[in-house]
Amino acid sequence: MIRKAVLPVAGLGTRCLPASKAIPKEMITIVDRPVIQYVVDEAVAAGIRDIVLVTHTSKSAIENHFDKHFELEATLEAKGKQELLEELRHIVPDDVNIISIRQPEPLGLGHAVLCARPVIGDDEPFAVLLPDVLVDDDGLAQNDLAGMIAAFEATGRSQLMVEEVPWERVDKYGIVAPEGDIPAAGESAPLAGVVEKPAREAAPSNLAVIGRYVLPGRIFALLAETPPGAGDEIQLTDAIESLRSAEGVDAWRMRGQTFDCGHQLGYLEATLAYGRRHPGFGAGFRELLARYARTE
Ligand code: G1P
């Protein structure tokens with residue numbers, strides 16, 4: 001069973017300024033909760049019970065969001081605001097642990113994941129979720145991460161979530177080369193290679209790695225030996241390429257829809273998607289959307 005997930009949240013979020021000047025970009029609100037809560041919910045829905053945040057001194061608001069707030073709870077209790085109190089008490093289920101560890105220097109995503117080594121250990125597989133990307137699983141019986149975990153458990157092979165991106169954006173992503181046919185949505189297939197942020201002319205496909213990974217503990221030893229790569233950072237993609245040449249890695253073609261919350265239009269689109277179907281605000285929000293569409 002895969003029970004642990006690493007969420008690298010140490011990045012300073014310069015793409016989200018000015019919103020992320022005094023709060024972590026992961027704490028920006030989509031409808032009624034911060035981005036990070038959607039990502040933690042996704043992990044929990046896939047069976048994860050230990051969430052390892054790899055974080056930075058300036059981002060303690062993330063840990064606070066998942067911690068008990070005794071004074072606030074006491075105030076709500078005294079005021080008889082039972083419903084709100086229950087919601088705050090169950091931001092994560094009781095059997096979920098939020099663990100945090102610091103990334104002391106911004107040396108890249110690979111280095112951030114390596115910082116979680118003392119918590120995960122070298123013998124246990126784990127998931128990685130990058131909180132820049134929201135994965136909407138609306139209408140699916142099982143989210144993509146749960147599908148990737150099931151595929152890992154059935155085959156023992158690492159899984160990278162991929163989707164097609166426009167060719168002019170391949171230099172923003174890890175890009176995979178499928179070994180044979182491109183897998184259908186909700187299926188995985190072996191890779192012939194994965195490369196971080198290739199130039200368009202050098203990209204082996206337009207299938208991009210979209211911030212969800214299921215990896216073995218062996219990746220830590222590979223990360224520890226990985227030199228700086230693209231952008232002079234220690235890249236997770238480079239360690240995964242070493243893993244692939246040693247034992248094979250699969251690409252999981254996602255079924256859900258993604259929102260790139262690393263930039264403003266992504267936040268706005270996520271707000272539209274989640275706001276429209278919110279159980280409390282959805283009806284009012286749909287009216288607003290109709291009204292604003294008419295005034296175009
Ligand atoms: C990271 C990864 C990259 C991946 C991307 C989107 O890049 O290094 O391989 O495709 O996330 O999930 P970043 O967006 O941090 O530059």
Side-chain angles (χ1 to χ4, degrees), residues 7-9 11-46 59 61-62 65 91 109 128-148 160-175 185-186 197 200 206-213 251-296:
L7 277 62
V9 295
L12 292 182
T14 45
R15 286 195 298 162
C16 302
L17 287 168
S20 59
K21 186 179 173 205
I23 60 164
K25 67 178 194 288
E26 295 82 2
M27 291 303 292
I28 294 174
T29 304
I30 304 289
V31 188
D32 62 350
R33 59 202 61 209
V35 166
I36 190 72
Q37 195 177 326
Y38 291 89
V39 181
V40 167
D41 287 351
E42 175 195 342
V44 169
K59 303 188 87 174
I62 299 176
H65 181 71
I91 282 186
L109 176 61
V128 177
L129 294 89
L130 307 188
D132 275 358
V133 183
L134 284 186
V135 181
D136 186 2
D137 58 7
D138 190 42
L140 298 176
Q142 184 194 46
N143 72 23
D144 279 296
L145 185 65
M148 292 168 70
L160 314 183
M161 190 168 87
V162 299
E163 77 174 351
E164 283 174 280
V165 296
W167 276 96
E168 59 274 15
R169 289 185 53 79
V170 292
D171 62 346
K172 307 271 183 289
Y173 295 94
I175 298 290
K197 300 191 173 75
R200 181 181 174 153
N206 64 339
L207 276 182
V209 179
I210 304 292
R212 302 293 182 271
Y213 310 76
W252 168 272
R253 180 98 177 271
M254 62 177 308
R255 293 168 295 194
Q257 192 193 345
T258 54
F259 303 105
D260 178 4
C261 287
H263 75 104
Q264 287 76 359
L265 272 181
Y267 283 101
L268 291 176
E269 190 185 357
T271 304
L272 291 174
Y274 291 105
R276 272 192 322 188
R277 60 168 194 261
H278 187 279
F281 312 123
F285 189 60
R286 288 194 298 275
E287 274 177 37
L288 286 175
L289 285 175
R291 193 192 319 153
Y292 276 79
R294 280 199 299 274
T295 55
E296 267 297 293

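Excluded from the calculations below are hydrogen atoms, water molecules and symmetry mates; all remaining heavy atoms, backbone and side chain alike, are included. Small disclaimer: the values here were computed from a predicted structure and weren't measured.
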- Message: On a heavy-atom basis, which atom in Leu160 and which in Met148 lie closest, and how many Å separate them?
- Response: C-CE, 4.0 Å
- Task: Indicate yes or no for a side-chain donor-acceptor contact from Asp171 to the backbone of Arg200 under 3.5 Å, with no hydrogens or angles considered.
- Result: no
- Heavy atoms, side chains only, cut-off 4.5 Å: are Ile175 and Asn206 in contact? no
- Task: Go through the structure and list residues passing side-chain hydrogen bond (donor to acceptor under 3.5 Å, both in side chains) with Gln142, not counting sequence neighbours.
- Result: none
- Which is it for Val39 and Glu26 under the side-chain contact (heavy atoms from CB on, under 4.5 Å) test, yes or no, and what are the steps along the way? CA-CA 9 Å; Val39 181; Glu26 295 82 2; over 6 Å; no
- Message: Is any side-chain heavy atom of Ile62 closer than 4.5 Å to one of Leu7?
- Response: no
- Query: With Asp144, which residues qualify under salt bridge (charged side-chain N to carboxylate O under 4.0 Å, His left out), at least two apart?
  - Reply: Arg255
- Task: Nearest 0.5 Å please: distance from the CZ atom of Arg212 over to the CG atom of Leu130.
- Result: 6.5 Å
- Item | Pairwise distance CZ(Arg253) to CG(Leu207) - rounded to 0.5 angstrom | 6.0 Å
- Those residues that, when tested against Asn143, pass side chain to side chain contact (heavy atoms under 4.5 Å, CB included) (two or more places apart): Glu42, Ala45, Ala46, Asp137, Leu145, Ala146
- Item | Side-chain (Tyr267) to main-chain (Cys261) donor-acceptor, under 3.5 angstrom | yes
- Item | Value rounded to 0.5 Å, distance of CD1 in Ile28 from CD1 in Ile36 | 12.0 Å
Give the table of side-chain donor-acceptor pairs shorter than 3.5 Å for residues 274-287, with sequence neighbours excluded, one pair per line with atom names and distance.
unit_1: Arg277; atom_1: NH1; unit_2: Asp136; atom_2: OD2; d: 3.2
unit_1: Arg277; atom_1: NH2; unit_2: Asp136; atom_2: OD1; d: 2.7
unit_1: Arg277; atom_1: NH2; unit_2: Asp136; atom_2: OD2; d: 3.3
unit_1: His278; atom_1: ND1; unit_2: Gly280; atom_2: N; d: 2.9
unit_1: His278; atom_1: ND1; unit_2: Phe281; atom_2: N; d: 3.0
unit_1: His278; atom_1: NE2; unit_2: Asp32; atom_2: OD2; d: 2.8
unit_1: Arg286; atom_1: NH1; unit_2: Arg276; atom_2: O; d: 2.6

- With sequence neighbours left out, the residues meeting side chain to side chain contact (heavy atoms under 4.5 Å, CB included) with Gln264 are none
- Rounded to the nearest 0.5 angstrom, the CE-CD distance for Met254 and Glu163 is 5.0 Å
- Test item: Asp132 and Arg15 side chains (from C-beta on) under 4.5 Å apart, heavy atoms: yes
- Message: Can you give me the closest heavy-atom contact between Tyr38 and Ile30, atom names plus distance?
- Response: OH-O, 2.7 Å
- Message: With rounding to the nearest 0.5 angstrom, report the NE2 to CG distance, His263 to Leu268.
- Response: 9.5 Å
- Query: Does Val35 reach the side chain of Lys25, with side-chain heavy atoms less than 4.5 Å apart?
  - Reply: no
- Message: Restricting to side chain to side chain contact (heavy atoms under 4.5 Å, CB included), what partner residues turn up for Ala61, sequence neighbours left out?
- Response: Pro24, Met27
- Item | Taking every non-hydrogen atom, the tightest pair across Phe259 and Ala273 | CZ-CB, 3.4 Å
- Over all heavy atoms of both residues, which pair between Val9 and Pro131 is shortest? Give the atoms and the distance, please. CG1-CG, 3.6 Å
